[in-house]
Amino acid sequence: MEPNQPDSLLVNKDLIEEVITEKLYPMEDVRNLLDRLLDIINPGMQEGTFVYTILSLAIVLGFTVLTWLLLRLLFVSTLPKLMERIPFLSGSIGYSTKIVRKVIAILSVAIFSGLLPVVWPEPNIWYNLLKSICRILEIWMVAQLIAHFLNVARRNMIASPKYSNSPFINLFQVFKGIVYFIAVLKVISVLFNMDMTAIGAGLTALSAVLMLVFKDTILGFVASIQLSSNDMIRVGDWITVPAFGVDGDVIDISLATIKVKNFDKTVSTIPPYSMLTEAVQNWRPMQEDGGRRVKRSIYVDVQSIKYADKDLLDKLRTAPALNDYIETALSEIEKANKEQGLEHSYSRRGLTNIGLYRRYIELYLKNHSKVHPDFTCMVRQLQPTAQGLPLELYFFTNTTNWTEYEGIQSDVFDHLLAVIHVFELSVFQEINGHNVSQYLDYQAHKDETKSSPADHNKSVEA
């Protein structure tokens, strides 16, 4: 009895399908209606002839197409608007329209498949072929319908503040892959008239091959969970990946790729697992803190550094903030020199122009309205180089907007470079043609000045 069990199940399945089809479409009534239509088209046509079959199939196909058009006309423009009232589908009119169209297409194919017994009362090769095609279309469209629902669920999770960073968002890609994989297996079972269990048993032997084929998908899935669970990358983050030349905003995180829109308006795609193996700089914490760092240096010509004399101090006292510092510093220095007996020694302490300039920069930054008051703000000297003494400014702006940040940074250095000559300092600049021209003009003017008294005496004697 056991060997015949699959055949009996298949027979029972066909009987159940036949009963359901007969309940939905009373075949005798439909066939009689078809016969009357064919008699009107061509009286006396015998059933079973080639022309009779073609005309019957054309009528069934026409009825199916007419039903499809009528359903689209009635529901495609109205039903999606009603579906918008469902919380799960609200805000996704595009997906709702796709779902309605897909359901209508599935119903139309099912109607055509259900009417095939009207054309061929006894199954033959053409009946079986069209029946198989209809089943394949139904399977594939049902898989697409499920994928549309998964897309809606994923979209709702991304839009939700509570679940937008959940690692389970990427599981929807896995679910879609499973749905399509099962659909492919069902299609294979229909094409080759095989049982799904037999196909599954055969796939276990190909598991090693499948692991190689879906290697990137598996790695991407694991990497996506790690990225999301550790909150490493979100959609909207500004990231920099030097290994891939990526510098821009993340616009999509999927199972297979991470899409980044660079600032030059190009789009780069990165495999998720590479984000765990390559150096990635995420600028999100900077944007959340509300301050962006400025770290730039002014290279001061070492030969212009000197002690500040009385004239320079008097000139610098015109700045109120710097005046207070100068008075306090001079009193402390004078007291320290007297205590150590260094009033007339070359080793005595004194104010320098670069020290005053550094202090002026600190006071200027701390009083600047665009500098963040709660973050580090300092001015320091770095190791002297062949280009001069680097005076590094380290501070944060109170905005992370790129355009505003660059404007604040430029305004600060514009002022500091313009005011450096007040401190009798000069910025280092490598020699160029303009420098040489100025030097030659200066030497020519100097020579003319030296020779002018002798020429004057000669003119007087004459």
Side-chain angles (χ1 to χ4, degrees), residues 238-242 245 247 263 279 281-283 285-287 289-309 312-313 315-316 318-326 329 349-436 438-439:
W238 169 19
I239 64 171
T240 302
V241 189
D247 187 17
F263 294 130
Q281 186 176 14
N282 193 329
W283 298 82
M286 177 268 294
Q287 294 173 329
D289 290 340
R292 185 172 176 184
R293 186 185 70 175
V294 176
K295 186 181 178 183
R296 280 179 54 179
S297 298
I298 297 176
Y299 286 83
V300 179
D301 191 344
V302 178
Q303 295 181 354
S304 64
I305 298 175
K306 65 176 182 178
Y307 281 109
D309 54 19
L312 178 58
L313 292 176
K315 182 168 54 175
L316 297 179
T318 57
L322 201 57
N323 179 49
D324 296 337
Y325 170 75
I326 291 173
R349 289 176 58 191
L351 293 175
T352 61
N353 57 350
I354 192 169
L356 292 169
Y357 183 56
R358 179 167 53 85
R359 177 60 62 179
Y360 172 78
I361 296 174
E362 291 177 356
L363 296 172
Y364 176 77
L365 292 177
K366 290 179 180 178
N367 293 317
H368 199 289
S369 60
K370 298 297 183 180
V371 175
H372 205 295
D374 299 329
F375 294 161
T376 303
C377 179
M378 67 176 179
V379 183
R380 61 175 181 168
Q381 289 185 14
L382 301 181
Q383 182 73 20
T385 65
Q387 285 75 36
L389 178 66
L391 206 61
E392 185 183 75
L393 281 68
Y394 190 101
F395 65 96
F396 290 79
T397 62
N398 61 2
T399 180
T400 59
N401 182 274
W402 189 11
T403 305
E404 295 178 5
Y405 164 79
E406 293 294 344
I408 295 169
Q409 182 177 218
S410 299
D411 290 341
V412 168
F413 279 89
D414 287 347
H415 173 75
L416 296 179
L417 290 173
V419 81
I420 192 172
H421 297 289
V422 177
F423 294 83
E424 298 179 3
L425 291 168
S426 59
V427 180
F428 177 83
Q429 183 172 337
E430 292 185 0
I431 190 169
N432 53 39
H434 182 66
N435 301 137
V436 174
Q438 283 187 328
Y439 177 75

Nearest heavy-atom contact between P242 and A279 is CD-O, 3.5 Å

F395 side chain near K366 side chain, heavy-atom distance below 4.5 Å: no

Of all heavy-atom pairs between L322 and L356, which one has the smallest distance, and what is that distance? CD1-O, 4.0 Å

Side-chain contact test, heavy atoms from C-beta onward, threshold under 4.5 Å: evaluate it for M286 versus W238 and give yes or no. yes

Roughly how far, to the nearest 0.5 Å, is CZ of R292 from CD of E406? 6.0 Å

Donor-acceptor contact present, side-chain D289 to main-chain G291, <3.5 Å: no

Whether the side chain of N398 engages the backbone of P373 through a donor-acceptor N/O pair (distance < 3.5 Å, no angle test) should be reported. no

Shortest non-hydrogen separation from Y299 to Q387 and the atoms involved: CB-O, 3.6 Å

Nearest-0.5 Å distance that lies between atom CD1 in I239 and atom CG in N282: 7.0 Å

Would you give the length of the straight line joining atom NE2 of H368 to atom CG of D411, rounded to the nearest 0.5 angstrom? 6.5 Å

Do V294 and I408 have side-chain heavy atoms sitting under 4.5 Å apart? no

All heavy atoms of S426 vs all of I420, minimum pair found to be C-CD1, 4.5 Å

To check you understand the geometry: which heavy-atom pair defines the closest contact between H421 and L417, and what is its length? CD2-O, 4.3 Å

Rounded to the nearest 0.5 Å, how far apart are CD of E362 and CG of L393? 9.0 Å

If I take atom CG from residue N323 and atom CG from residue L313, how far apart are they, to the nearest 0.5 angstrom? 10.0 Å

Just verifying a value: how many Å separate I354 CD1 and L425 CG, rounded to the nearest 0.5 Å? 6.0 Å

Main-chain N/O of K315 paired with T318 side-chain donor or acceptor, under 3.5 Å: yes

Report the C-alpha separation of Y360 and L316 in whole Å, then their side-chain angles, then the decisive distance to 0.1 Å, and conclude whether the side chain to side chain contact (heavy atoms under 4.5 Å, CB included) test is met. CA-CA 10 Å; Y360 172 78; L316 297 179; over 6 Å; no

Can a donor-acceptor pair be found, under 3.5 Å and without considering hydrogens, that links the side chain of T397 to the backbone of Y405? no

Does Y394 reach the main-chain N or O of R293 with its side chain, forming a donor-acceptor pair under 3.5 Å? no

Relative to each other, are the rings of F375 and F396 parallel, tilted or perpendicular (30° and 60° limits)? perpendicular

Between A329 and L351, the two heavy atoms sitting closest are CB-CD2, 3.9 Å

Sorted by chain and number, sequence neighbours left out, ring-ring contact (aromatic ring centres under 6.0 Å, His included) with Y357 holds for F423

